[in-house]
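Positions are given from 1, in the same order as the sequence printed here.
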Amino acid sequence: MAMMTRFLNRGSPSLLRRGFDFLQQPQSQSLRRLSSARSDDELREPCEFLGSWSPPSDPRIARANLERLRRAYGKQVKQMRKEYIYEVEMLRIDKQRKADARREAMRIENEERKKAKAAAAETRAAEHKAFQKEFRKTLRKERAEKLESWRKKEETNQKNKAAEREQLRLKSSLWVGEENLQQKIFEAIVDTQPL
């Protein structure tokens, strides 16, 4: 930037210097200048060279006048070309600035989209983690409930088996020993009462 400023400060104000000044102006002011320049083009008066030639009596004066007119016309054409180049350059710079602004806006939009995507992914990950934690907790609770249910069933089975053994022991006390077996068989044959 400093090198560009040094280059532009050399000599008379050039097209580049005017372009550099144009870039430093606020955008609305530079656009106003461009629009006023365009409106000036529409309202310009006819060229002063048209119909300005009146042939003098001396051919040397005629040649001198013609040469002067040619030089003035050449200067005007050169000035108009400079202005045209300047306007084209300003339009190009304006177009470039708009393209840069559009690119910057797209870059910012992409960054915001990526940030939103990352935040959404982070939120989903947190939700998934919470779900996994809750799922494991529920799974542990169900396993504990199943284990408790199994223990209760085992205790009930053990109690039932103990009760059956106790009943069997109580019934077995009514059983007949071998010494009384013959007598009980005889009584059963004679007495038909069920045991």
Side-chain angles (χ1 to χ4, degrees), residues 1-8 16-36 38 86-195:
M1 186 74 168
M3 194 169 109
M4 178 78 153
T5 309
R6 261 187 277 127
F7 175 75
L8 292 175
L16 281 174
R17 179 65 196 178
R18 286 190 291 177
F20 187 73
D21 292 341
F22 176 80
L23 285 175
Q24 291 179 335
Q25 293 175 353
Q27 191 173 2
S28 61
Q29 184 182 359
S30 60
L31 289 177
R32 247 185 271 124
R33 267 182 62 191
L34 277 176
S35 65
S36 68
R38 286 188 193 126
Y86 174 74
E87 286 180 14
V88 168
E89 185 65 21
M90 291 303 107
L91 289 173
R92 189 192 64 76
I93 290 170
D94 191 42
K95 188 176 179 181
Q96 182 68 36
R97 184 175 37 235
K98 285 178 184 176
D100 290 345
R102 189 169 49 250
R103 255 187 255 114
E104 182 67 19
M106 285 175 65
R107 186 187 63 78
I108 290 170
E109 185 180 320
N110 286 340
E111 284 179 2
E112 288 174 358
R113 195 179 313 119
K114 284 179 185 177
K115 285 179 185 176
K117 223 177 186 181
E122 194 175 308
T123 305
R124 279 196 308 274
E127 288 174 358
H128 183 68
K129 190 175 180 182
F131 173 76
Q132 288 290 332
K133 190 176 180 181
E134 188 67 29
F135 178 72
R136 286 190 189 110
K137 187 178 176 183
T138 306
L139 199 59
R140 272 189 249 120
K141 185 179 177 183
E142 285 179 1
R143 285 180 183 167
E145 287 174 358
K146 283 182 180 179
L147 184 63
E148 188 63 31
S149 172
W150 178 79
R151 283 183 183 155
K152 285 181 181 178
K153 284 180 185 176
E154 284 296 314
E155 285 175 12
T156 306
N157 286 342
Q158 292 296 329
K159 285 180 184 177
N160 288 343
K161 285 181 182 178
E164 284 176 13
R165 272 193 233 115
E166 184 62 29
Q167 283 180 356
L168 189 61
R169 191 186 61 79
L170 288 175
K171 283 183 183 178
S172 67
S173 64
L174 297 176
W175 288 356
V176 179
E178 284 185 28
E179 63 274 356
N180 296 334
L181 185 60
Q182 288 295 331
Q183 187 185 356
K184 285 288 183 181
I185 291 172
F186 182 71
E187 283 178 10
I189 293 171
V190 176
D191 254 351
T192 56
Q193 289 180 352
L195 291 172

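Atom CD of Glu104 and atom CZ of Arg97 lie 14.5 Å apart (nearest 0.5 Å). A distance of 7.0 Å separates NZ in Lys115 from CD in Glu112, rounded to the nearest 0.5 Å.
Applying the side chain to side chain contact (heavy atoms under 4.5 Å, CB included) test to Glu111 and every residue at least two apart in sequence or in another chain returns Arg107. Every residue was checked against the side-chain hydrogen bond (donor to acceptor under 3.5 Å, both in side chains) condition with Glu127, not counting sequence neighbours, and none meets it. Residues that satisfy the side chain to side chain contact (heavy atoms under 4.5 Å, CB included) test with Asp100, not counting sequence neighbours, are Gln96, Arg103. Residues forming a salt bridge (Lys or Arg N to Asp or Glu O under 4.0 Å) with Arg92 (at least two apart in sequence, or on another chain): Glu89. Remark: Glu142 pairs with Thr138, Leu139 by the side chain to side chain contact (heavy atoms under 4.5 Å, CB included) rule, at least two apart or across chains.
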Could you walk me through whether Arg124 and His128 pass the side-chain contact (heavy atoms from CB on, under 4.5 Å) test, one step at a time? CA-CA 6 Å; Arg124 279 196 308 274; His128 183 68; over 6 Å; no

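Contacts classified as side chain to side chain donor-acceptor pair (under 3.5 Å) and involving residues 144-155 (residues at least two apart or in different chains) are not found.
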